[in-house]
Asker: 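Sharing a structure, written as structure tokens. Questions coming.
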Amino acid sequence: MKQFIEVKDVKDIGALVTEALAYKADPIRDRKLGSNKKIGLLFLNPSMRTRISTQVAAMNLGMEAIVFNAGNDGWALEFEDGAVMNGNTVEHIRDAAPVLGKYFDILGIRSFPALKNREEDYSEKLIHAFIQHAGIPVVSLESATLHPLQHIKPLPQCVANSCSQWMTAWGEAEFVITHPEGYALSQQFTRGAVITTNQEEALKDADYVYVKNWSSFEDYGNMPAVEGSWMLTHEKLSLTNQAHVMHCLPVRRNVELSDEVLDGPGSLVTEQAANRVWAAQAVLAGILANMD
Amino acid sequence: MKQFIEVKDVKDIGALVTEALAYKADPIRDRKLGSNKKIGLLFLNPSMRTRISTQVAAMNLGMEAIVFNAGNDGWALEFEDGAVMNGNTVEHIRDAAPVLGKYFDILGIRSFPALKNREEDYSEKLIHAFIQHAGIPVVSLESATLHPLQHIKPLPQCVANSCSQWMTAWGEAEFVITHPEGYALSQQFTRGAVITTNQEEALKDADYVYVKNWSSFEDYGNMPAVEGSWMLTHEKLSLTNQAHVMHCLPVRRNVELSDEVLDGPGSLVTEQAANRVWAAQAVLAGILANMD
Amino acid sequence: MKQFIEVKDVKDIGALVTEALAYKADPIRDRKLGSNKKIGLLFLNPSMRTRISTQVAAMNLGMEAIVFNAGNDGWALEFEDGAVMNGNTVEHIRDAAPVLGKYFDILGIRSFPALKNREEDYSEKLIHAFIQHAGIPVVSLESATLHPLQHIKPLPQCVANSCSQWMTAWGEAEFVITHPEGYALSQQFTRGAVITTNQEEALKDADYVYVKNWSSFEDYGNMPAVEGSWMLTHEKLSLTNQAHVMHCLPVRRNVELSDEVLDGPGSLVTEQAANRVWAAQAVLAGILANMD
């Protein structure tokens, strides 16, 4: 694996999952794979689960992880080529990224979308600029439109986009997306999925339900009024085939899901978040193996 | 040891001190006890000495420590059961704590009291919620009412409370608390101590003086006017038996203690802070030993 | 080496460079030199390259590095002897530094000048207070007037000062400083250098050009108006002997240097920043070797 930004970076999804499960069974089985290798984790936006699970995954592989929270340090990057930097930005991506590429063996980056200009966000210019200029493998810890180590997350469409991209690429499950009117995702990531605005129909006989809220792609970044309640309740869950319930966390209780569902026997949310260590570990191991 | 929140979590205070002194003599004598174990240090409020000394202690035991400063990242937790989370809190303790419990083997937590509602602070609901939901041993890096790795600290009553709780539980010393009118501590932690508002009487023939300022428990969180000066000076120290002087740091010089006392031959403040590594190390070792 | 604050702390500049180059060739050749040793990196001001390169250097030597960002935690230090601390400062350097000296084996410190009072900044009281009170070797990660691990940096005169101090101490190159009227550096650091306000003359036949902007030393901390453009362009570079171009980063593109120069074949800026790992590693190794 040369980088990990989206599903196309992975040749064999099944093999990656098998590898992750092997790490879950024995976290330190590859304790020396990352020996004397360093990963930089650069956060332009805050993170809890993504940050910690990636740090733990790196440690399990014997790597040394260095975290840098750019936001707190007010590190304003410039991305425009040819910019005359007499304003607020203090450093150009063309100067910053190559240096990080010299300090580290792998670079993880998180950056949220601004949610103001759809074309700009969906062009993914920030993560592509890092890939272009860092010269080392880059792992997305969430970019403007995708969150491949999460498959769902607490901002706009990127968790839903990634979930859809991976499910349709995998293709081994019947995958249905349901959302209120006005909340259609970008067709770029949903090709191959069944899409409906009828929540009850989507829930019927489902084995797994993955709940996530997101903002509008069409009326970009806004939240059109929603008719009726879309919260997943115990009652709605009775339509399913005793479905397991997933959520990426953090979750707004009794808004997105009811307490009874989150605390019920079908809830996988804690295990899902815990599994992120093994997913990250399989990804890092794939990149490390490719270096040797 | 299964957790470390207060004195009751320790079976034998003398044995714990002996262990700490052994680590002071040879910091890396148990370099493999924490091998492949991870401690998460979660700071809902800032910390310097507590954070660094615990990190050093964990490293000495071969553990890997991951620090998470929640405050800086604006991670607003919800604690009320059944809350409809359509306001400012973004994550419920019931969802956050179990995930941390999966990432780490031990969880250290710091959280200051709000000092607005005495019942709420003294119920210690935050640290108890983490204990209840994390499913791994929890170490208090300071909670609302106690600071067991410090025995005194720079907010309200918790350092004084812990100092009193440990001294009265130990019982091998003559222990006297003195404070201005209106500053009585909660009887919950002072049972067994001699208490007086006559500072001179308390200082007389003392072998050790531990200085600390705190706010009122009765007029909760406020600072009633104090008659006369309570600052420990060279002159007052002459009443003692050439007492050693302790303070938890940080200290407001020439307000709590005079320069001449802090810089004098009897001052233990630097050694006291340095000893926190060995105390933390003995606690973590006790918890690790209990895991095997 | 007992500390690393300025050029006088190094006996043999050539030997230090040789050592750094040896680490560049084989980063982990001294993997055990720092075994069980800890370095504390205390940032009173933000840092990216300095922080990460020093962490990487410490890891390469087998040391454990603990970062503490004091600024974010609002840790207001008092430096005046005899201060009555009933104001905003919460801790005196006399109490803080000795404790850090107990937790760590080496202490790195970054602190920017306030740029308000020249005498105060140039007295370097902060870093000297840490040296005086910490009791362990101190490494400057940038002080008020010097930046010895950088030789140039984005505030006032300290990078230029350090660059001049090291170049004149080394003495093996023809060293010319050029700056606009009103921007003369302190003579304390420039003795032995050729100084001119004629930029073209300085560039003529140069083999290396090191660009840096700084504020006035005479009209302290201010920026007197500059006549003409001082930006290094391709055209100006043609005066040199196909010079290599250096800059400490971060750089304001098309203000300090043009894109064509920064992205041109003579630009060393990325390699220069990358080399900071080996410089820091040679310094830390020198201090560690002195401990054994």
Side-chain angles (χ1 to χ4, degrees), chain A residues 32 34-44 46 55 58-59 62-109 129 132-136, chain C residues 24 26-29 31 41 43 45-67 69 71-73 110 154-155 213 229 231 247-260 262-263 267-278 280:
Chain A
K32 293 193 171 169
S35 186
N36 293 318
K37 293 278 194 300
K38 294 172 188 72
I39 184 168
L41 303 175
L42 174 61
F43 291 92
L44 301 175
Q55 279 183 281
M59 287 172 171
M63 302 187 80
E64 293 175 294
I66 292 180
V67 171
F68 185 73
N69 293 312
N72 283 344
D73 293 347
W75 190 50
L77 280 179
E78 176 65 56
F79 290 90
E80 296 305 325
D81 285 341
V84 177
M85 293 172 61
N86 54 5
N88 291 326
T89 56
V90 299
E91 179 150 26
H92 203 287
I93 181 77
R94 284 176 173 275
D95 302 309
V99 174
L100 295 172
K102 296 286 187 182
Y103 292 155
F104 299 115
D105 300 286
I106 300 177
L107 183 62
I109 294 168
Q132 186 185 347
H133 297 295
I136 54 171
Chain C
K24 187 172 181 172
D26 179 6
I28 57 170
R29 65 199 287 268
R31 187 65 163 158
L41 302 176
F43 290 92
N45 296 96
S47 170
M48 195 272 267
R49 268 160 289 262
T50 300
R51 192 195 109 176
I52 294 175
S53 61
T54 309
Q55 279 183 280
V56 170
M59 287 172 171
N60 285 342
L61 292 165
M63 302 188 79
E64 293 174 296
I66 292 179
V67 170
N69 292 313
N72 283 343
D73 294 346
R110 157 164 294 198
L155 264 199
N213 67 342
S229 170
M231 179 168 78
H247 191 284
C248 61
L249 301 184
V251 58
R252 290 186 174 256
R253 281 179 172 249
N254 301 311
V255 175
E256 299 176 68
L257 292 83
S258 66
D259 279 341
E260 57 191 0
L262 268 167
D263 300 327
S267 173
L268 294 177
V269 298
T270 298
E271 194 176 351
Q272 179 183 354
N275 282 343
R276 299 187 56 191
V277 172
W278 324 119

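As the structure is a computational prediction, the values presented were derived from the model and not from experiment. Order of the sequence lines fixes the chain letters, A, B, ..., with proteins taken first and strands second; residue numbering starts at 1 for each chain.
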Asker: Over all heavy atoms of both residues, which pair between A:I66 and C:R51 is shortest? Give the atoms and the distance, please.
Answerer: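 Closest heavy-atom pair between A:I66 and C:R51: CG2-NH2, 3.8 Å.
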Asker: Using non-hydrogen atoms and a 4.5 Å limit, figure out which bit of C:R276 sits close to chain A: side chain, backbone, both or neither.
Answerer: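 When you check distances to chain A, only side chain atoms of C:R276 fall under 4.5 Å.
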Asker: Just wondering, are more than 12 heavy atoms of other shown residues or ligands nearer than 6.0 Å to CG in C:D26?
Answerer: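 Yes, enclosed.
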Asker: Chain C: which of A:R94, A:H92, A:E78 shares the most heavy-atom pairs with it under 4.5 Å?
Answerer: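 Max contact count across the listed options: A:R94.
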Asker: So which residue, A:L100, A:V84, A:D95, ends up with the most heavy-atom pairs under 4.5 Å with chain C?
Answerer: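 When all of A:L100, A:V84, A:D95 are compared, A:D95 has the most.
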Asker: Looking at A:V99, A:N86, A:T89, A:D81, which makes the most heavy-atom pairs under 4.5 Å with chain C?
Answerer: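 Heavy-atom pair counts peak at A:V99.
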Asker: With a sphere of 6.0 Å drawn around CD of C:E260, does it hold more than 12 non-hydrogen atoms of other residues, nucleotides or ligands?
Answerer: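 Enclosed: over 12 neighbouring heavy atoms sit under 6.0 Å from CD of C:E260.
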Asker: Is A:Y103 reaching over with its side chain to a backbone N or O of C:V277, donor-acceptor style, under 3.5 angstrom?
Answerer: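 Answer holds: no.
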Asker: Just verifying a value: how many Å separate C:N60 CG and A:E64 CD, rounded to the nearest 0.5 Å?
Answerer: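 One gets 7.5 Å once the value is rounded to the nearest 0.5 Å.
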Asker: Are any of the side-chain heavy atoms of C:M48 and A:L42 separated by less than 4.5 Å?
Answerer: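 Sidechains of A:L42 and C:M48: no contact.
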Asker: Calculate, to the nearest 0.5 Å, the distance between atoms CD and NZ belonging to C:Q272 and A:K102 respectively.
Answerer: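 Result: 13.0 Å between the selected atoms.
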Asker: So, the side chain of C:R252 versus the backbone of A:G87: is there a donor-acceptor pair under 3.5 Å, distance only?
Answerer: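 Checking the backbone N and O of A:G87 against the side chain of C:R252, a donor-acceptor pair under 3.5 Å is found.
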